[in-house]
Amino acid sequence: MGYLDGFKVTFRQIFKPRVTVEYPEDKRPKPPRFHGRHVLNKYEDGMEKCIGCELCAGVCPAGCIYVRGADNPPGSPVSPGERYGFVYEINYLRCIHCDLCVEACPTEAITESKLFEFSFTNRQDAIYTKDELLVAEDGRPRQLPWEDWRPGDDEHTSAWVRATAPSGVAEYEGRVAWSGELGYGVRAPEQGQTADADT
Amino acid sequence: MTGDPLFQNGVDLAVILIVLVKVFITFAALLVGVLLMIWFERRVIADMQSRIGPNRAGPWGLLQPLADGIKVFFKEDLLPEKADRRVYRLAPYLSTIPAFAAFSVIPIGGSISIAGHRTLLQLADPPIGVLFLLAMSSIAVYGIMLAGWSSGSKYPLLGSVRASAQMVSYEAAMSLAVAGAVLAAGSLSTHDIVVSQAPWRWNLWQLGVVPFVIYLIAATAEVNRPPFDLVEAEQELVGGFFTEYAGVRFALFYLAEFMNTITVSAVAVTLFLGGPNGPRVPVIGAVSPVWFFVKLIAFLFVYVWLRATLPRFRYDQLMDLGWKRLIPLALYWLLLVAALQIGRQEGWNVGAVLAVAIGAGAVGWAALGAALRQSPHAAHELERSAGARI
């Protein structure tokens with residue numbers, strides 16, 4: 001048919017499935033190492049992992065993290081060590097989600113979740129403080145009024161760090177060398193990230 | 001043969017009212033039709049590109065064009081500093097009004113009776129209907145040309161230069177194709193042309209398919225739709241002749257464009273596909289506008305299909321196709337139809353007429369080929385310089 005073949009192609013397309021994902025209703029599955037908003041993790045006993053060392057703030061290329069450490073109160077320590085993160089703030093108008101803070105963290109206190117749909121309407125809301133970043137009593141991230149989640153979105157809170165921790169050293173890939181988390185215990189290596197997997 | 005029966009018993013108030021009502025209905029129906037056409041085009045082209053298309057405003061996104069229209073009406077109406085103010089303001093209307101007017105001679109159905117007055121289901125049936133259509137499509141060129149020229153900006157100017165050349169070139173082929181239908185009916189009145197095609201003597205096969213195909217191609221070029229959308233080639237000319245327009249004036253051009261698409265489709269249905277003629281359906285009843293709209297929508301689908309499929313023509317290809325192929329072919333076919341018509345009246349032998357026609361066609365084709373080949377160097381130079389100028 002020569003010239004007219006193209007018409008056949010376009011006509012056949014009508015009956016083929018659509019590639020469009022109707023976004024707010026349907027969402028694509030996110031990749032395992034997706035960089036979303038941060039969470040501050042806790043140990044299984046409820047102690048905070050953050051020790052207030054400010055390495056994350058130091059490494060942050062965007063300068064979006066503000067941390068101040070303080071000595072643990074002797075009677076009721078917040079973290080297992082000597083000091084804890086007294087103030088922890090991330091400005092999401094600056095954050096570029098590079099994950100360098102996660103790599104720098106010596107205690108896996110800060111990790112990135114897969115949550116990314118937070119459309120705040122003023123600058124003050126863009127600054128997440130410890131109240132918002134710290135996981136709740138059940139170990140799950142707290143949902144803020146302007147964050148759009150689907151059930152299950154909040155389960156992946158520390159995928160990246162479990163893939164290569166500690167400190168991003170590649171030899172640890174697939175080996176459990178990380179501490180447990182509140183609500184989850186010691187998590188297994190991510191599927192597809194283990195040393196013996198065929199990837 | 002005498003036009004609308006509405007005016008046979010003189011003109012009184014009722015007649016005037018009926019005419020006004022018809023004007024209003026046509027106007028409103030065309031506006032709604034344009035909105036539906038925009039929606040239809042976007043949905044169908046999305047289907048052909050594995051997308052979904054507008055689906056948020058209203059059921060199936062039906063209200064999307066309305067939302068776009070409301071948005072565009074609230075936008076600022078810009079006037080470029082170097083624009084020729086009066087012409088710049090006038091141009092959108094010059095492009096929109098002929099688009100509206102052209103539709104007025106399209107017969108949508110048979111006739112109906114309102115308050116004792118019989119009237120045709122078409123706004124007007126002037127004895128020069130087809131000429132009126134051609135005139136309106138010629139006036140539309142002015143709208144586009146003046147819009148580009150008065151914008152005081154280079155891309156609109158380029159777009160309008162292309163538009164004038166293209167529309168004037170293809171008008172010749174289109175008129176010759178339309179002339180075939182006029183010849184077959186022996187009348188310029190669109191109503192008579194439709195009547196002469198009833199019930200199955202459609203010009204599509206009465207004239208051979210060639211005039212229909214020529215009309216389809218030329219009309220596509222005439223309304224600047226893909227693959228002949230060089231006038232507004234986004235990749236080359238930003239927006240073409242309406243680059244500098246915004247707000248309501250831009251909306252008017254957009255409206256005119258889609259209305260022209262609907263009108264040329266309606267003309268094609270009228271002249272070649274028998275208009276509202278079609279088999280009687282038990283439920284709907286007699287010859288009804290339903291058939292007209294079915295054919296119209298099928299035709300509009302073809303236009304969208306063309307747009308989804310074909311890449312844009314290069315400018316010299318466009319001119320080649322128009323002047324070296326379509327016009328000679330249309331001219332030849334018109335003469336052939338005329339010869340057969342006369343032959344039938346005079347009782348000539350059809351075989352002899354055909355033999356002479358084919359012989360003459362072969363000679364003409366060879367002569368055309370020789371003329372185009374004669375000085376390849378000169379022709380090449382001409383093409384190059386033309387290409388450089390446009």
Side-chain angles (χ1 to χ4, degrees), chain A residues 1-37 92-93 97 113-123 125-126 141 143-156 192 199, chain B residues 39-64 209-210 212-214 216-221 225-229 265 297-314 317-318 320-322 324-326 329:
Chain A
M1 288 287 271
Y3 288 113
L4 300 180
D5 273 351
F7 289 95
K8 222 165 55 190
V9 172
T10 42
F11 193 76
R12 250 194 255 123
Q13 284 291 329
I14 295 178
F15 309 102
K16 289 193 176 162
R18 306 287 180 264
V19 294
T20 312
V21 175
E22 298 210 50
Y23 166 64
E25 290 88 27
D26 300 339
K27 291 182 179 178
R28 276 174 210 269
K30 296 183 192 76
R33 296 189 180 190
F34 190 88
H35 291 184
R37 87 146 164 88
Y92 279 103
L93 289 174
H97 295 275
S113 67
K114 292 187 185 179
L115 306 167
F116 68 99
E117 291 136 317
F118 36 107
S119 56
F120 27 76
T121 50
N122 65 61
R123 283 159 192 253
D125 288 346
Q143 179 162 19
L144 297 165
W146 54 82
E147 289 183 348
D148 180 24
W149 295 4
R150 292 289 176 281
D153 280 0
D154 55 347
E155 276 168 16
H156 309 279
T199 48
Chain B
W39 172 82
F40 178 74
E41 169 142 21
R42 290 183 63 182
R43 286 295 286 209
V44 171
I45 214 154
D47 283 345
M48 290 179 171
Q49 295 169 347
S50 296
R51 298 184 288 116
I52 294 172
N55 65 345
R56 296 280 144 177
W60 309 290
L62 264 172
L63 298 180
Q64 186 65 46
V209 187
V210 174
F212 174 73
V213 173
I214 290 173
L216 179 63
I217 296 172
T220 313
R225 280 187 63 87
F228 301 105
D229 60 339
S265 305
I297 289 166
F299 221 93
L300 292 174
F301 178 82
V302 169
Y303 272 115
V304 179
W305 198 4
L306 281 170
R307 177 174 165 191
T309 307
L310 296 175
R312 186 180 301 127
F313 271 66
R314 212 172 57 207
Q317 291 172 333
L318 176 90
D320 270 9
L321 179 69
K324 296 180 187 170
R325 313 250 191 296
L326 288 187
L329 182 61

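In the text below, chain A, chain B and the rest are named by the order of the sequence lines, each starting its count at 1.
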request  = Output the distance between atom OG1 (A/Thr10) and atom CG (B/Asp47), rounded to the nearest 0.5 Å.
outcome  = 11.5 Å
remark   = Sequence neighbours excluded, the answer for salt bridge (charged side-chain N to carboxylate O under 4.0 Å, His left out) partners of A/Asp148 is A/Lys27, A/Arg150
key: Residue list, salt bridge (charged side-chain N to carboxylate O under 4.0 Å, His left out) with B/Glu41, at least two apart or on another chain   = B/Arg225, B/Arg307
message = More than 12 heavy atoms of other residues, nucleotides or ligands under 6.0 Å from CZ of B/Arg56: yes or no?
response = yes
message = Is it the case that over 12 heavy atoms from other parts of the model lie below 6.0 angstrom from the CH2 atom of B/Trp60?
response = no
ask   = Does anything in residues 13-20 of chain A get under 4.5 Å of chain B by heavy atoms, and if so which residues?
value = A/Gln13, A/Ile14, A/Pro17, A/Arg18, A/Val19, A/Thr20
task = Go through the structure and list residues passing side-chain hydrogen bond (donor to acceptor under 3.5 Å, both in side chains) with B/Arg43, not counting sequence neighbours.
result = none
remark   = Applying a strict 4.5 Å limit to non-hydrogen atoms, the region of B/Ile45 in contact with chain A is neither
task = Over all heavy atoms of both residues, which pair between A/Phe7 and B/Trp305 is shortest? Give the atoms and the distance, please.
result = O-NE1, 3.1 Å
